[in-house]
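Worksheet for the structure shown next.
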Protein chains: 2
Amino acid sequence: MSSGITEARAFAPASVGNIGVGFDLLGHSIDGPRDVATVRRIDAPEVRIAAIRGEVEGVAGIPLEAARNTAGQALMALRAALDLPFGLELELDKGIPLGSGLGGSAASCVAALVAANALLDTPLSREALYAFALDGEAVASGSRHGDNVAPMLLGGVVLATASRMVALEAPDWLHAVVVHPDQMLETRRARAVLAEPYPLSQVVAHSACLALFLTGLQRGDAALIGEGLKDLLVEPRRAPLIPGFAQVKRAAMDHGALGASISGAGPSVFAWFASKAAAEAAAVSMRTAFAEAGFGSRAYVSPVRGPRAEVLA
Amino acid sequence: MSSGITEARAFAPASVGNIGVGFDLLGHSIDGPRDVATVRRIDAPEVRIAAIRGEVEGVAGIPLEAARNTAGQALMALRAALDLPFGLELELDKGIPLGSGLGGSAASCVAALVAANALLDTPLSREALYAFALDGEAVASGSRHGDNVAPMLLGGVVLATASRMVALEAPDWLHAVVVHPDQMLETRRARAVLAEPYPLSQVVAHSACLALFLTGLQRGDAALIGEGLKDLLVEPRRAPLIPGFAQVKRAAMDHGALGASISGAGPSVFAWFASKAAAEAAAVSMRTAFAEAGFGSRAYVSPVRGPRAEVLA
């Protein structure tokens with residue numbers, strides 16, 4: 001179980017969790033901000049975090065204690081499952097803004113796992129890494145949902161259940177805009193508004209959207225994707241927590257978006273378009289809408305078939 | 001708007017509504033019992049029902065008043081929308097047991113529409129008939145759900161939303177068993193138990209099943225279909241209303257069913273299998289299980305890609 005390599009670096013991309021219609025189930029990676037993890041073998045039989053760096057706000061507040069850190073917990077789970085005879089030391093370079101809804105904690109977790117995997121004599125498959133990534137994600141969010149870690153592991157659009165990932169087809173002309181405003185949304189608050197149960201009629205309407213969306217994605221049918229890309233369950237409850245959301249969404253739809261909703265737990269807003277040009281034009285208007293609501297923002301334009309995490313040379 | 005033909009007959013097949021994981025949204029037709037409608041042009045500017053016949057129990061109780069009859073209402077909607085200069089007289093030959101969960105009222109409605117359509121100079125597409133079929137179905141069930149009428153109109157497995165039908169791919173080796181026991185289940189009671197709202201965790205688990213099911217169906221992947229073909233929402237609430245259900249489902253699963261659940265509002269039970277041989281073997285055991293619970297039954301084995309309604313020569 002020991003390879004010649006004693007240190008490896010890997011990146012993981014940001015992602016759009018939920019994709020509106022797939023709460024806790026669907027996500028896609030984006031070609032935008034990324035986290036980088038450096039993992040090295042150490043003699044001490046433990047996982048330790050040597051440093052967490054980055055330009056993004058709040059980095060100083062991320063726990064260095066491995067068991068309380070999403071990436072640390074993932075490496076502990078990997079090390080225990082494989083009964084590794086060596087320890088792992090981790091350094092994180094955060095590039096994904098914290099609390100943005102872009103899967104920052106998931107990316108740290110996946111980058112660390114992919115780097116650590118490169119130190120193994122017999123690296124595991126991405127599928128095998130998934131369970132450890134869920135272990136890590138649970139530290140950050142309190143639940144084992146894979147809609148961020150799965151697209152980071154496989155790239156593109158992924159269906160993530162509690163036990164497995166299914167990479168989904170997606171046409172290459174599909175492009176996403178993700179706009180991250182300078183505002184904070186407490187994840188706890190974002191979860192709390194979802195507690196009230198849902199009437200069957202809403203569940204059926206939601207299921208119809210999900211079925212249209214998946215069928216459209218598989219057929220590369222923009223009209224079907226657009227019919228389905230609606231969040232009838234979560235967005236109505238969370239949108240009031242994001243000042244400017246309605247205007248930003250309207251700006252996207254006015255630019256021909258197939259759909260637009262909240263990325264992950266927010267406050268980032270994403271929208272899908274049938275071409276890169278449409279996405280780029282919309283990104284400007286979406287940022288303007290946030291500015292008019294009083295918020296600076298950053299926008300990312302990416303193919304929906306975004307990259308997967310990879311080892312860096 | 002008047003063709004040379006003055007009388008036409010058409011059949012519509014029975015169907016499995018909901019398919020477990022697609023409440024009010026997914027259904028498939030079966031090659032089994034069917035309803036036949038005869039429609040003729042009359043001078044009187046009205047829709048009237050001349051006769052309702054059939055070997056099935058309860059036929060005498062079906063309303064002959066067009067506005068209160070699912071097929072009558074569908075023809076009234078068609079006639080009004082097209083501003084037809086002639087009336088329509090309808091005779092129904094019921095072959096699908098009433099209150100069985102096999103889409104009997106939907107089949108009368110679709111058979112009548114397909115027959116009436118043949119009397120038009122420019123027959124409508126199946127897609128255009130859908131809205132009228134929903135109008136008819138609403139008379140029977142009080143809601144515009146298309147999971148029975150849509151597969152009857154298009155054949156095979158169909159995704160039916162309030163506004164459109166999407167025919168779905170399905171591998172030809174997929175076979176269904178549908179067992180109809182000699183017991184009555186009041187639709188009103190079957191609907192009443194669904195009223196209590198659903199927690200988000202259950203909605204997410206249900207959505208995961210739906211996504212796996214649709215992806216499996218599209219890929220012809222029996223394992224994925226099996227993972228997804230579960231009814232986590234409705235079956236737990238309705239199954240207690242169907243004596244013998246648990247044993248019949250177990251009999252199906254013991255014979256390698258990909259999944260088994262309630263057909264439509266019940267009391268019929270359906271199961272899907274990866275081959276016709278497996279379905280035929282299971283059908284015997286499923287009937288035995290109902291017999292042991294004290295109920296006689298009929299079993300139908302059909303390709304999941306069942307027939308669509310057609311005009312009869």
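Both backbone and side-chain heavy atoms feed into the values below; hydrogens, waters and symmetry mates do not. In the text below, chain A, chain B and the rest are named by the order of the sequence lines, each starting its count at 1.
For the residue pair A/Thr161 and B/Ala208, the shortest heavy atom distance occurs at CG2-CB, 4.2 Å. In terms of heavy atoms, B/Pro199 sits closest to A/Pro197 at N-CB, 4.0 Å.
Heavy-atom distances place no part of B/Leu26 under 4.5 Å from chain A, backbone and side chain included. Heavy-atom distances place both the backbone and the side chain of A/Leu194 under 4.5 Å from chain B. At a 4.5 Å heavy-atom cutoff, the contact between B/Leu25 and chain A is made by side-chain atoms alone. B/His206 touches chain A through its side chain: at least one heavy atom from C-beta onward sits under 4.5 Å away, while N, CA, C and O do not. Contact of A/Glu227 with chain B is made through the side chain alone, with heavy-atom distances under 4.5 Å. With a 4.5 angstrom heavy-atom cutoff, A/Thr215 touches chain B only via side-chain atoms.
In this structure, the side chains of A/Arg219 and B/Val166 come closer than 4.5 Å at one or more pairs of heavy atoms.
Note: B/Leu224 leads B/Val234, B/Val21, B/Leu224 in heavy-atom pairs under 4.5 Å with chain A.
The environment of CD in B/Glu169 is sparse: at most 12 heavy-atom neighbours from other residues, nucleotides or ligands sit within 6.0 Å.
A/Asp24 pairs with exactly one of B/Leu200, B/Val204, B/Val203 by the side chain to side chain contact (heavy atoms under 4.5 Å, CB included) rule, that one being B/Val204.
Distance check, rounded to the nearest 0.5 Å: CG of B/Leu212 to OG of A/Ser163 gives 7.5 Å.
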